[in-house]
Peer 1: 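After the structure tokens below, expect a handful of questions from me.
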Amino acid sequence: MSNITPEIAIVIPCYNEQEVLPLTNPVLTGLIQRMVKDGEIAASSYILYVDDGSRDNTWNLIEEYASESALVKGIKLAANSGHQNALIAGLETVADHCDAAISIDADLQDDIDAIPRMIAEFRRGYDIVYGVRNSRESDTWFKRESAQSFYKLMRDLGVNSVYNHADFRLMSSDTIKDFLKFEERNIFIRGIIPGLGRKQTSVFYDRKPRQAGESKYPLKKMINFAVDGITSFSVRPVRMVFFLGLGFLLVALGIFIYVMIRYFGGETIEGWTSLMLSIWFCTGMILISLGIIGEYIGKIYTEVKHRPRYSIEKYIK
């Protein structure tokens, strides 16, 4: 176990969180003060709020908290860049100014009591400590089943991800620097971190209900997130399109043989209904296949432009 008292940065992406920040800030500042007093972390540890282009009073609250306490810092992105990019902005900001960083959402549904346990594991020599939910009983049936299906699909596609883990994790500063070498714009952080090859472990906790405000991950964003995760790590959907085409070719060959037998046997070919169904079915499959291929082409288009992930408008040190 390391005798060095680590400097910890808690990175919190925020988007329209004016309702929850007044609850979140005193809880986290109190946690830091308590851990400093107990000698678990250095007195220079701090919170970094990342305002992801909020349209409400979020940034004004961050400025207020930073003026009241040296424990609070903040960066304001010039536009809404998305949760993952806001998280990357925060990690890139703290990489050279901490021994380890803990990322957590502003709603504090992830249990902050797991943070001291994460730091204890870090001091034992782990570079990555995942916060993993004990269960999903608090979720709706749809969200629970869709999440489990997503994790299973990712595993089947060969993606190394941690089941029931989101973005609540601790990473050492060296690990963060390794992660920042990945420059793709369509980035799936949960799939990249486990593959960094660093010493890693997990702590388990029970997820809490959101205290205020609304979820920033509605169904549309969840679907987009899932698509990004799948297409960022696997080309198997494109291969599936290829094998689907082979399957249709075999079916077409069987239909051709059937038609020739009926024709030379002098039988009337009726089949209008089956023909129309085949046309609609094949057309639908072609469009789906083009959509899958188009998703990959779209990602290539985004990557080759190499535009910055985010732009920082203000920084409170």
Side-chain angles (χ1 to χ4, degrees), residues 8 10-15 17 20 23-24 27-28 31 35 47 82-84 86-87 90-91 100-122 124 126-157 159-172 175 179 187-196 198-230 232-233:
I8 301 296
I10 301 179
V11 178
I12 308 175
C14 303
Y15 179 65
E17 298 287 5
V20 78
L23 302 174
T24 298
V27 170
L28 287 177
L31 175 67
M35 289 192 294
I47 302 164
H83 179 274
Q84 300 289 278
L87 178 54
L91 293 174
I102 297 172
S103 56
I104 188 171
D105 288 340
D107 56 22
L108 294 190
Q109 286 186 270
D110 298 316
D111 188 3
I112 65 167
D113 290 334
I115 291 178
R117 289 187 281 140
M118 288 180 166
I119 295 170
E121 296 297 337
F122 170 66
R124 290 189 183 99
Y126 288 97
D127 290 302
I128 305 171
V129 185
Y130 303 104
V132 179
R133 298 173 61 172
N134 282 317
S135 69
R136 287 185 168 269
E137 294 180 0
S138 60
D139 289 345
T140 62
W141 176 88
F142 174 77
K143 189 171 184 179
R144 181 170 58 252
E145 293 301 318
S146 60
Q148 291 174 348
S149 299
F150 172 70
Y151 282 113
K152 184 178 184 301
L153 176 60
M154 294 294 284
R155 186 173 60 250
D156 292 342
L157 291 175
V159 181
N160 184 17
S161 60
V162 179
Y163 184 71
N164 275 349
H165 163 70
D167 289 305
F168 183 31
R169 71 178 72 85
L170 177 148
M171 290 193 291
S172 68
T175 303
F179 164 68
I187 194 164
F188 184 63
I189 299 177
R190 300 178 197 180
I192 289 178
I193 301 298
L196 291 177
R198 294 276 181 164
K199 189 176 180 182
Q200 48 196 272
T201 187
S202 300
V203 298
F204 296 87
Y205 68 96
D206 292 318
R207 191 168 170 84
K208 299 178 179 180
R210 187 180 178 92
Q211 298 299 310
E214 298 178 352
S215 171
K216 303 306 181 294
Y217 261 93
L219 179 61
K220 181 180 178 181
K221 284 192 175 182
M222 289 173 60
I223 293 174
N224 290 337
F225 183 76
V227 170
D228 282 343
I230 293 169
S232 293
F233 277 88

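We use all heavy atoms of the structure for the numbers below, so side chains are in, but hydrogens, waters and symmetry mates are not.
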Peer 1: Would you indicate whether the side-chain heavy atoms of His83 and Tyr15 approach each other to under 4.5 Å?
Peer 2: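 In short, these two side chains do not touch, never coming nearer than 4.5 Å.
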Peer 1: Who passes salt bridge (charged side-chain N to carboxylate O under 4.0 Å, His left out) against Arg198, sequence neighbours left out?
Peer 2: Asp127, Asp178
Peer 1: To the nearest 0.5 Å, tell me how far Ile10 CD1 sits from Ile47 CD1.
Peer 2: 5.5 Å
Peer 1: Within a strict 4.5 Å, meaning less than it, do heavy atoms of the Arg169 and Arg190 side chains meet?
Peer 2: yes
Peer 1: Between Phe168 and Arg133, is any pair of side-chain heavy atoms under 4.5 Å apart?
Peer 2: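 Sidechains of Arg133 and Phe168: no contact.
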Peer 1: Quick one: do Asp167 and Gln84 satisfy side-chain contact (heavy atoms from CB on, under 4.5 Å)? Show the steps, please.
Peer 2: CA-CA 9 Å; Asp167 289 305; Gln84 300 289 278; 3.1 Å; yes
Peer 1: What distance do Asp113 atom CG and Leu31 atom CG have between them, rounded to the nearest 0.5 Å?
Peer 2: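 Here the interatomic distance stands at 7.5 Å.
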Peer 1: Test side-chain contact (heavy atoms from CB on, under 4.5 Å) on Ile119 and Ile102 and set out the steps.
Peer 2: CA-CA 9 Å; Ile119 295 170; Ile102 297 172; 4.2 Å; yes
Peer 1: Which heavy-atom pair separates Val11 from Gly90 by the least distance, and what is that distance?
Peer 2: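 Scanning both residues, the minimum pair turns out to be CG1-CA, 3.8 Å.
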Peer 1: Regarding Arg207 and Asp111, does a basic nitrogen lie under 4.0 Å from an acidic carboxylate oxygen?
Peer 2: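 No, no charged N to carboxylate O under 4.0 Å.
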Peer 1: Sequence neighbours excluded, which residues qualify as salt bridge (charged side-chain N to carboxylate O under 4.0 Å, His left out) partners of Asp105?
Peer 2: none
Peer 1: For the residue pair Leu28 and Ile12, establish whether any side-chain heavy-atom pair is separated by less than 4.5 Å.
Peer 2: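 Leu28 reaches Ile12 side chain to side chain.
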Peer 1: Do you know which two heavy atoms are closest between Ser172 and Thr175, and how far apart they sit?
Peer 2: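 In terms of heavy atoms, the two residues are closest at OG-OG1, 2.7 Å.
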Peer 1: Would you indicate whether the side-chain heavy atoms of Leu170 and Tyr126 approach each other to under 4.5 Å?
Peer 2: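 Answer no - side chains too far apart.
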Peer 1: Looking only at non-hydrogen atoms, find the nearest pair between Tyr205 and Gly131 and report the distance.
Peer 2: CE2-C, 3.4 Å
Peer 1: With a 4.5 Å cut-off on side-chain heavy atoms, are Ile115 and Met35 touching?
Peer 2: yes
Peer 1: To the nearest 0.5 Å, what is the distance between CZ on Phe179 and CD1 on Ile192?
Peer 2: 5.5 Å
Peer 1: Between Thr24 and Ala106, what is the shortest heavy-atom contact and its length?
Peer 2: OG1-O, 2.6 Å
Peer 1: Would you indicate whether the side-chain heavy atoms of Arg124 and Thr201 approach each other to under 4.5 Å?
Peer 2: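 Thr201 vs Arg124: side chains apart.
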Peer 1: Is there side-chain contact between Leu91 and Met171, with heavy atoms separated by less than 4.5 Å?
Peer 2: yes
Peer 1: With side-chain contact (heavy atoms from CB on, under 4.5 Å) as the criterion, how do Leu108 and Ile104 come out once you've worked through the C-alpha distance, each side chain's angles and the decisive distance to 0.1 Å?
Peer 2: CA-CA 7 Å; Leu108 294 190; Ile104 188 171; 3.8 Å; yes
